Amino acid sequence: MTTHAVTLIPGDGIGPEVTRATLRVLEATGVRFEWDEVPAGEEAYKVHGTVLPERAFESIRRTRVALKGPVGTPIGGGHRSVNVTLRQALDLYSCLRPVRSLPGVKSRYGDVDLVVVRENTEGLYSGVEHTVVPGVTESIKIVTEKACLRIARFAFDYAARRGRKKVTAVHKANIMKITDGLFLECTRRVRADYPQIEYEELIIDNCAMQMVIRPQRFDVLVMDNLYGDILSDLAAGLVGGLGVVPGANIGEREAVFEPVHGTAPDIVGKGLANPTALILSATLMLEHLGEADAAARVRRAVDRILGEGKTITGDLGGKASTDDYTAALIAAIKNG
Ligand code: NAI
């Protein structure tokens, strides 16, 4: 049996608590890991004087896969966010956010199952901004053929490998004819290689409305950085919020799997944290490592325990501690 070497970043706040729970769940699957735990975030800053010690980079470059809890950024002092630094330094160009209704989690719909694929490296997030003259500012949206082609390829490839039926390219090319026009031109070129997958193009504002009214019509969506940032949170809102949604940032070589929520300073150390988002991020990691069967078992256990609604954490309306919920998941994995 393969042992997977993976970098582990427990992070700050509730990070270590949800990480502990996730490791117990992963252990119950029987998949073998060799964890290389590295510091990052506020705690790392206190000890090492930097939020992202070089050792963390070295580890991820070596293992190529990281499981990461939420991290805080020290306020003031011009510290760069760990998340942004990691994405840029490792060129994690694709942000993957599968959004699925979970049994027992109160939300507007019970049958959402879509995936937002967001371009992570350019667009309006390139940070090229300046004041032209006082009172007039400018932000430059950079869109390259290379980045558009690779994100489109990622989305179609993902759809093809997962047996998904449709890719929706989200844009505003009616207004930004050149930049979003290039994005569409690239998705159409890539699309030609995937005739079995249905393809459609939707203007971002229409897409936002349709996601609220009829999210079931979507399968895989691909879009630029800013649109993806906004629509992936909208999508999370459709299934119960950021607390239960997993995420991944994936590049040509490395991939970092992480939940979307933050360090939850208000509940640290109280045993109240819900580890579901990190556990589901770990299922994406399992799939990435070729352990799809273990991923499916964990997902089934999450569905079962949340669906039963007896052992769920406070944020979902229950009374269970992180440990109780984790124990229930482990029992469900072992029994089925
Ligand atoms: P947050 O997500 O940490 O908390 C918002 C609310 O949701 C809080 O009431 C919290 O208790 C609750 N919550 C979040 N995750 C939960 C969980 N797993 N179980 C139960 N309840 C949960 O967002 P906030 O307060 O805006 O940010 C706090 C810190 O986290 C900041 O320092 C921020 O920079 C950092 N952050 C880090 C992220 C990352 O590393 N990916 C993402 C977002 C924020």
Side-chain angles (χ1 to χ4, degrees), residues 7-25 38-46 51-52 56 60 66-90 92 95-97 102 104-107 118 120 125 228-230 232-233 236-237 239-250 255-285 302 305-306 311-326 328-329:
T7 301
L8 183 67
I9 304 177
D12 299 312
I14 59 166
E17 297 168 49
V18 291
T19 300
R20 230 176 4 255
T22 304
L23 294 191
R24 288 177 59 203
V25 166
V38 297
E42 276 170 314
E43 287 305 314
Y45 179 72
K46 284 183 201 155
V51 289
L52 202 54
I60 301 174
L67 183 65
K68 175 184 160 298
V71 295
T73 305
I75 294 171
H79 300 285
R80 290 186 73 207
S81 133
V82 169
N83 300 324
V84 174
T85 310
L86 267 180
R87 277 171 215 166
Q88 289 180 348
L90 301 175
L92 304 173
C95 179
L96 183 69
R97 186 91 67 86
L102 292 167
V105 177
K106 269 203 212 94
S107 61
R118 162 188 170 192
N120 233 353
Y125 287 31
D229 197 2
I230 298 168
S232 53
D233 276 21
V239 300
L242 300 182
V244 291
V245 174
N249 291 293
I250 301 174
V256 176
F257 297 86
E258 58 181 334
V260 179
H261 63 73
T263 58
D266 50 332
I267 56 165
V268 176
K270 295 181 179 162
L272 299 174
N274 181 358
T276 303
L278 186 61
I279 290 169
L280 291 178
S281 302
T283 66
L284 301 180
M285 181 186 79
V302 168
I305 298 306
L306 293 181
T311 318
I312 56 173
T313 47
D315 56 311
L316 298 181
K319 290 198 166 57
S321 66
T322 313
D323 283 349
D324 294 339
Y325 173 63
T326 307
L329 287 180

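Order of listing sets the numbers, starting from 1, for every ligand and every atom in it. Position 1 is the first residue of the sequence; numbering continues from there. Computed from a prediction, not measured in an experiment: that's the story for all the values here.
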> Step by step, would you call R20 with D323 a salt bridge (charged side-chain N to carboxylate O under 4.0 Å, His left out)?
Replying inline: CA-CA 9 Å; R20 230 176 4 255; D323 283 349; 5.8 Å; no

Measure and list all N/O to N/O distances between ligand 1 and the protein that fall under 3.5 angstrom.
| residue | atom | partner | partner atom | Å |
| --- | --- | --- | --- | --- |
| ligand 1 | 2 (O) | G262 | N | 2.7 |
| ligand 1 | 3 (O) | T263 | N | 3.1 |
| ligand 1 | 3 (O) | A264 | N | 2.7 |
| ligand 1 | 9 (O) | D266 | OD2 | 2.9 |
| ligand 1 | 11 (O) | D266 | OD1 | 2.8 |
| ligand 1 | 11 (O) | D266 | OD2 | 3.0 |
| ligand 1 | 15 (N) | H261 | ND1 | 3.4 |
| ligand 1 | 18 (N) | H261 | NE2 | 3.3 |
| ligand 1 | 18 (N) | N274 | O | 2.8 |
| ligand 1 | 19 (N) | N274 | N | 2.9 |
| ligand 1 | 30 (O) | T263 | N | 2.9 |
| ligand 1 | 30 (O) | T263 | OG1 | 3.2 |
| ligand 1 | 40 (O) | V71 | N | 2.9 |
| ligand 1 | 40 (O) | V71 | O | 3.4 |
| ligand 1 | 40 (O) | N83 | ND2 | 3.2 |
| ligand 1 | 41 (N) | N83 | ND2 | 3.3 |

Sub-3.5 Å donor-acceptor pair from the side chain of [X] to the main-chain atoms of [Y], do we have one?
| X | Y | result |
| --- | --- | --- |
| N274 | T313 | no |
| D12 | E42 | yes |
| S281 | E258 | yes |
| T322 | A273 | yes |

>> If you compare all heavy atoms of L278 against all heavy atoms of K68, which two are closest, and at what distance to 0.1 Å?
In response: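 Nearest heavy atoms, L278 then K68: CD1-O, 3.5 Å.
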
